Amino acid sequence: MNLNRRKLLSWLGLGWLASLLPSSLVGCSDATTTSQSTTTTAASESVAASPAGTFKSVGKLSQLGKDQPIISGKIAVLRDPKNEAAVLAVSTVCTHKGCDVKWQKSASAFVCPCHDAKFAADGAVLGGPADKPLTKYATKIENGEVFVRA
Ligand code: FES
């Protein structure tokens, strides 16, 4: 009798383990892998998510209006007001407390909505409370396409 009880408990234990097997297999299925790779693909579309030191396309030069930046993730790209043939790329993260700055055509400046700091197109501080410039990124133009290294 004792041996039968032991066998029964042993079988129940195996049954419990077997019931966990399908959920473990689902965790390794293609469905999970696919959703992870989809997330990775979406993130890699932004310049901010590209590996450091690599140039990533942000769009065509023709997309850049005189005072209209291209926004790619947390990076703004706009024509250099001092050199029409060149482009500038700066972080949109305010150096004061981290709010997202917005380009204001009327002021020709990035303005922070949180505490009203102002930055020039090249990220230089025009007005506080921020005391550090916006982070700048290297840019290049090839065949009419704009690339940023972030
Ligand atoms: Fe931008 Fe304070 S967070 S001015």
Side-chain angles (χ1 to χ4, degrees), residues 9 12-150:
L9 288 174
L12 286 176
L14 283 176
W16 178 77
L17 278 176
S19 72
L20 293 177
L21 193 57
S23 63
S24 299
L25 291 176
V26 168
C28 299
S29 74
D30 283 346
T32 302
T33 304
T34 301
S35 82
Q36 286 174 342
S37 64
T38 301
T39 301
T40 302
T41 301
S44 68
E45 289 172 2
S46 137
V47 171
S50 68
T54 60
F55 279 95
K56 172 111 175 117
S57 172
V58 293
K60 298 283 183 194
L61 185 60
S62 59
Q63 290 176 269
L64 283 173
K66 184 168 174 59
D67 262 333
Q68 187 60 48
I70 294 173
I71 305 295
S72 176
K74 296 284 184 182
I75 296 177
V77 181
L78 68 165
R79 287 187 186 271
D80 185 343
K82 297 175 186 164
N83 179 2
E84 191 74 12
V87 293
L88 300 168
V90 295
S91 170
T92 59
V93 178
C94 181
T95 55
H96 180 232
K97 299 268 184 194
C99 292
D100 257 358
V101 299
K102 304 278 186 257
W103 179 255
Q104 272 190 6
K105 287 181 192 177
S106 58
S108 289
F110 290 101
V111 178
C112 182
C114 294
H115 310 106
D116 209 30
K118 291 179 181 61
F119 303 89
D122 66 356
V125 176
L126 298 175
D131 57 2
K132 293 181 187 144
L134 298 175
T135 301
K136 289 170 63 172
Y137 300 102
T139 62
K140 69 178 180 179
I141 302 167
E142 284 181 0
N143 300 322
E145 194 158 353
V146 179
F147 295 85
V148 174
R149 185 173 65 203

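For ligands, and for the atoms within them, numbers begin at 1 and follow the listed sequence. Note that the structure is a prediction, hence the values are computed from the model and not measured.
- Atom CG of Leu134 and atom CG of Leu88 lie 11.5 Å apart (nearest 0.5 Å).
- Of all protein N/O/S atoms, those under 2.8 Å from atom 1 (Fe) of ligand 1 are Cys94 SG, Cys112 SG, and waters are not counted.
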Walk me through it: do Arg79 and Leu61 pass the test side chain to side chain contact (heavy atoms under 4.5 Å, CB included)?
-> CA-CA 9 Å; Arg79 287 187 186 271; Leu61 185 60; 3.8 Å; yes
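- Remark: Phe55 CZ to Arg149 CZ distance equals 4.5 Å, nearest 0.5 Å.
- Listed by chain and residue number, nothing satisfies the salt bridge (Lys or Arg N to Asp or Glu O under 4.0 Å) test with Glu84 (two or more places apart in sequence, or in another chain).
- Nearest approach of Lys118 to Asp116, heavy atoms of both residues: NZ-OD2, 3.1 Å.
- In this structure, cysteines Cys94 and Cys112 have SG atoms that are not closer than 2.5 angstrom.
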